[in-house]
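Numbers here are sequence positions counted from 1. Heavy atoms only: backbone and side chains are in, while hydrogens, waters and symmetry mates are out.
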Amino acid sequence: MSEMLQSGRVAEIASVPSVGEAPQGIGMAVAFDWGLVVQIIAMPFVGFLLGSGSVSPLKGANLSPLVLALISWPFAILLGIFGEGVRRGWRWTRLVQIVANSLGFLGGLATLPSLWHSIQAGNYWPVVTSVILVIFSPLIAWRLSRPATGRWFRTVSSAQARTRHGGAWPWLILLWSIVGGVLQAIASLQR
């Protein structure tokens, strides 16, 4: 009996990750996803407040900001669920996040010439988009692609992930998401 207890304790100790093996990039990834949610929801209202008019593919439809917001809610909800999946350690979300942020980085590189022209014209708002895509996107992809993060996603249960990323953690991430999402909504309307 004591051998079983001892071997159970050894297995328990062996499963505790060391400090260097902690998952990386999860907070940034969730803030990125939730920031997109905030941007999607805020754009119709920010556009209305800034006098930019309709800010959607339905531009010719001349819809009110409330109707545009309601139309965008399903997309925002899906992105919010995806971000929550990253927080909860759902395995498939890690790969999708890495691919999406890698593509975002390439898209950010493609925006650099127009960023230069905007800065020369005195419009500095596109810097927000470029910083997010050129700096934060590859950083998120790189940190999520670390072996320790991959091991964490393969071994963690949703309950363990919620415990690790619980308490004040989601509220701090939400705060960063609101700031980034509103700034990006303004930046996308100031082109």
Please identify each residue that fulfils side-chain contact (heavy atoms from CB on, under 4.5 Å) with [X], with sequence neighbours left out.
X	value
Arg162	Arg87, Arg88, Ser158, Ala159
Leu175	none
Leu79	Leu36, Val37, Ile40
Asp33	Phe82, Val86, Gln97

Dump the intermediate steps for side-chain contact (heavy atoms from CB on, under 4.5 Å) on Leu139 and Phe32, then the final yes or no.
CA-CA 11 Å; Leu139 187 58; Phe32 185 91; over 6 Å; no
Nearest non-hydrogen partners of [X] and [Y], listed with the distance:
X	Y	answer
Gly89	Ala161	N-CB, 3.9 Å
Arg94	Gly150	CZ-CA, 3.5 Å
Ile173	Gly27	CD1-O, 3.6 Å
Pro138	Phe105	CG-CD1, 3.5 Å
Ile140	Ala29	CG2-CB, 3.8 Å
Glu21	Ala148	O-CB, 3.4 Å

Can you pull out every side chain to side chain donor-acceptor pair (under 3.5 Å) where at least one residue sits in residues 72-83? Sequence neighbours excluded, please.
none
Can you list every pair that meets side chain to side chain donor-acceptor pair (under 3.5 Å) and has a residue in residues 174-187, with sequence neighbours left out?
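For residues 174-187, and leaving out neighbouring residues, the side chain to side chain donor-acceptor pair (under 3.5 Å) pairs sorted by first residue read Thr129-Gln184.
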Applying the 4.5 Å side-chain criterion to the ILVMFWY set and letting contacts propagate, would [X] and [Y] be lumped into a single cluster?
X	Y	value
Leu144	Ile132	yes
Phe136	Leu112	yes
Val179	Leu172	no
Leu109	Trp116	no
Tyr124	Val128	yes

Value rounded to 0.5 Å, distance of CD1 in Ile41 from CE in Met43:
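Separation between the atoms: 12.5 Å.
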Trp125 versus Leu183: any side-chain heavy-atom pair under 4.5 Å?
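Yes; the side chains approach each other to less than 4.5 Å.
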Testing Arg164, Arg146, Arg143 for side-chain contact (heavy atoms from CB on, under 4.5 Å) with Pro23, which one passes?
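Result: among Arg164, Arg146, Arg143, Arg164 is the only option passing the side-chain contact (heavy atoms from CB on, under 4.5 Å) with Pro23.
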Donor-acceptor under 3.5 Å (Ser118 side chain, Asn123 main chain):
no
Ser188 side chain vs Ala185 backbone, donor-acceptor pair below 3.5 Å
yes
Parallel, tilted or perpendicular: rings of Trp92 and Trp90 (30°, 60°):
parallel
